[in-house]
Amino acid sequence: MKMPQLGLGTFRLQGQAAIDSVATGLELGYRHIDTAQIYGNETEVGQALRESGVARRDVYLTTKIWTEHLAADKLAASLKDSLRKLGAEQVDLTLIHWPSPGAAVPVAESMQALLAARDAGLTGAIGISNFPVALMREAIAAVGAENIATNQVELHPYLQNRGVADFARAAGIHVTAYMPLAYGKVMSDPVVKEIARRHGATPAQVTLAWLLAKGYAVIPSSTKRENLAGNLRATELVLGREDSAAIDALDDGARLVSPDFAPAWD
């Protein structure tokens with residue numbers, strides 16, 4: 001199944017809030033759901049999917065392997081545990097969530113274990129997340145660019161990650177943008193608000209349309225039905241060249257996610 005370009009993220013959603021967000025999203029038409037082992041909500045995502053009435057084969061489901069499970073003798077077992085929680089025989093995409101802190105587990109070891117998990121039928125595709133260019137090179141050397149479905153990275157108007165995105169594009173690797181609305185910062189940005197006013201759209205729709213036009217997948221999250229529905233309509237919005245250039249100019253390298261175990265960023 002091909003990844004739908006607009007998906008529903010579940011970062012920070014717990015318990016009933018996770019169930020309700022995914023259930024509402026599926027009802028509204030989302031067919032791409034993104035979760036992760038460390039989110040602690042795979043069980044809730046699976047429950048919402050089962051109770052939605054939407055066929056599993058019609059939903060592109062992504063999860064991510066946490067750093068504790070990156071060793072070759074742990075990765076597949078952890079993915080099987082994720083499948084049990086999700087109530088699924090297979091996910092559509094499995095990512096290495098973060099490179100191993102301090103390179104304790106070599107990129108090649110994790111990627112080859114992930115490829116083996118794909119070959120065993122546990123996941124339809126594999127990929128990476130939070131990988132800078134140097135580690136993308138290692139991942140490519142380990143399994144080949146053709147086997148890396150995406151690199152999921154923080155990407156929004158204030159952190160456009162151009163070096164990573166350009167390298168990925170040249171290598172034929174898709175990019176997925178997480179935190180696309182910059183924790184809501186775009187909602188009050190005067191440049192984005194003015195573009196939204198002229199298009200009769202919301203700042204969120206403008207930002208998502210800008211990212212979609214660049215070919216990225218986006219996975220915004222929300223617990224509000226109005227926002228979930230509004231985000232979906234971003235696919236209908238076409239920005240002008242000047243609009244896109246104005247948002248391009250907002251890049252100031254403002255990274256929002258950089259834990260102490262993060263790799264050396266580009």
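Closest of all the heavy-atom pairs between P203 and V186 is CB-O, 3.6 Å. Closest approach of Y216 and A165 over heavy atoms only: OH-CB, 3.4 Å. Smallest separation of non-hydrogen atoms from A142 and A108: CB-CA, 3.6 Å. In plain terms, the two heavy atoms of G9 and S221 that are nearest each other are O-CB, 3.0 Å. Pairing each heavy atom of V105 with each of S110, the nearest pair is CG1-OG, 3.5 Å. Among all heavy-atom pairs drawn from L75 and S78, the shortest one is O-OG, 2.8 Å.
Distance check: L8 CG to T62 OG1 gives 11.5 Å after rounding to the nearest 0.5 Å. Taking CG from L79 and CD from Q90, the interatomic distance works out to 9.5 Å, rounded to the nearest 0.5 Å. If you take NE2 on H32 and CG on D58, they are separated by 14.5 Å, rounding to the nearest 0.5 Å. For the atom pair I65 CD1 and S129 OG, the distance stands at 12.0 Å (nearest 0.5 Å). Separation of atoms OG (S21) and CD (E44) is listed at 12.0 Å; rounding is to 0.5 Å. With rounding to the nearest 0.5 angstrom, the CD atom of Q14 is 11.0 Å from the CD1 atom of I19.
Applying side-chain contact (heavy atoms from CB on, under 4.5 Å) to L13 and the options D20, V45, N41, T35 leaves one that passes, N41. Applying the side chain to side chain donor-acceptor pair (under 3.5 Å) test between T63 and each of Q37, K85, E42 identifies E42 as the sole match. The residue from V206, T202, I195 that alone fulfils the side-chain contact (heavy atoms from CB on, under 4.5 Å) condition with L237 is V206.
Remark: F261 engages W66, W98 in a ring-ring contact (aromatic ring centres under 6.0 Å, His included) (not counting sequence neighbours).
For the pair N231/V218, no side-chain contact is recorded, criterion being any heavy-atom separation below 4.5 Å from C-beta on. Under the 4.5 Å side-chain criterion, counting only non-hydrogen atoms from C-beta, M179 is not in contact with L159. The closest side-chain heavy-atom distance from P220 to L6 is below 4.5 Å. At least one side-chain heavy atom of K80 sits under 4.5 Å from a side-chain heavy atom of L122. Side-chain atoms of F131 and P263, non-hydrogen and from C-beta on, never get closer than 4.5 Å to each other. Here the side chains of I128 and M136 are in contact, with some heavy-atom distance below 4.5 Å. Side-chain contact check for P99 versus N130: some heavy-atom pair is nearer than 4.5 Å. Residues L208 and Q205 fail the side-chain proximity criterion, which asks for heavy atoms closer than 4.5 Å.
In the hydrophobic clustering of this structure, L212 groups with L155; members are Ile, Leu, Val, Met, Phe, Trp, Tyr whose side-chain heavy atoms approach within less than 4.5 Å, directly or through other members. Hydrophobic clustering (ILVMFWY, side-chain heavy atoms < 4.5 Å, transitive): V91 and L93 are in distinct clusters. At a threshold of 4.5 Å between side-chain heavy atoms, the hydrophobic network of Ile, Leu, Val, Met, Phe, Trp and Tyr places L135 and I173 in one connected group. Criterion: ILVMFWY side-chain heavy atoms under 4.5 Å apart, direct or through other members. Under it, L49 and L86 are part of a common hydrophobic cluster. Cluster membership check: I38 does not share its hydrophobic cluster with V22, using side-chain heavy-atom separations under 4.5 Å among Ile, Leu, Val, Met, Phe, Trp and Tyr.
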Inset, instruction - Decide side chain to side chain contact (heavy atoms under 4.5 Å, CB included) for R225 and L28; before the verdict, give the C-alpha distance in whole Å, the side-chain angles of both, and the deciding distance to 0.1 Å. - result: CA-CA 9 Å; R225 184 184 186 90; L28 291 169; 3.8 Å; yes
Inset, instruction - Show your working on side-chain hydrogen bond (donor to acceptor under 3.5 Å, both in side chains) between D81 and H69 and close with a plain yes or no. - result: CA-CA 11 Å; D81 189 50; H69 307 140; over 6 Å; no
Inset, instruction - Take W210 and D248, measure what side-chain hydrogen bond (donor to acceptor under 3.5 Å, both in side chains) needs, and give me the verdict at the end. - result: CA-CA 9 Å; W210 169 75; D248 288 347; 2.9 Å; yes
Inset, instruction - Take L181 and M187 through the side chain to side chain contact (heavy atoms under 4.5 Å, CB included) test and state the conclusion after the steps. - result: CA-CA 8 Å; L181 304 179; M187 309 304 186; 3.8 Å; yes
Legend entry - Candidate pair H199 and L239, rule side chain to side chain contact (heavy atoms under 4.5 Å, CB included), full reasoning: CA-CA 8 Å; H199 284 275; L239 301 179; 4.0 Å; yes
Legend entry - Stepwise side chain to side chain contact (heavy atoms under 4.5 Å, CB included) check, D251 with R162: CA-CA 10 Å; D251 191 2; R162 289 173 176 146; 3.6 Å; yes
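Looking only at distances, no side-chain donor or acceptor of S244 sits under 3.5 Å from a matching main-chain atom of R241. With hydrogens and angles ignored, the 3.5 Å screen pairs a side-chain donor or acceptor of E109 with a backbone N or O of A72. Looking at T123, its side chain does come within 3.5 Å of a backbone N or O of T94 through a donor-acceptor pair. Without hydrogens or angle criteria, D266 side chain to N161 main chain gives no donor-acceptor distance under 3.5 Å.
For NZ of K74, the number of neighbouring non-hydrogen atoms (other residues, nucleotides, ligands) closer than 6.0 Å is 12 at most. Atom CD of E226 has 12 or fewer heavy atoms from other residues, nucleotides or ligands within 6.0 Å.
Residue pairs meeting the ring-ring contact (aromatic ring centres under 6.0 Å, His included) criterion with at least one member in residues 137-192, sequence neighbours excluded: H156-Y158. Counting only residues at least two apart or in different chains, salt bridge (charged side-chain N to carboxylate O under 4.0 Å, His left out) contacts with residues 89-107 comprise R56-D92.
Under 4.0 Å is where a charged nitrogen must lie from a carboxylate oxygen, and between D34 and K64 at least one such pair does.
Ring geometry, Y39 versus H97: the interplanar angle exceeds 60°, so the pair is classed perpendicular (tilted spans 30 to 60°).
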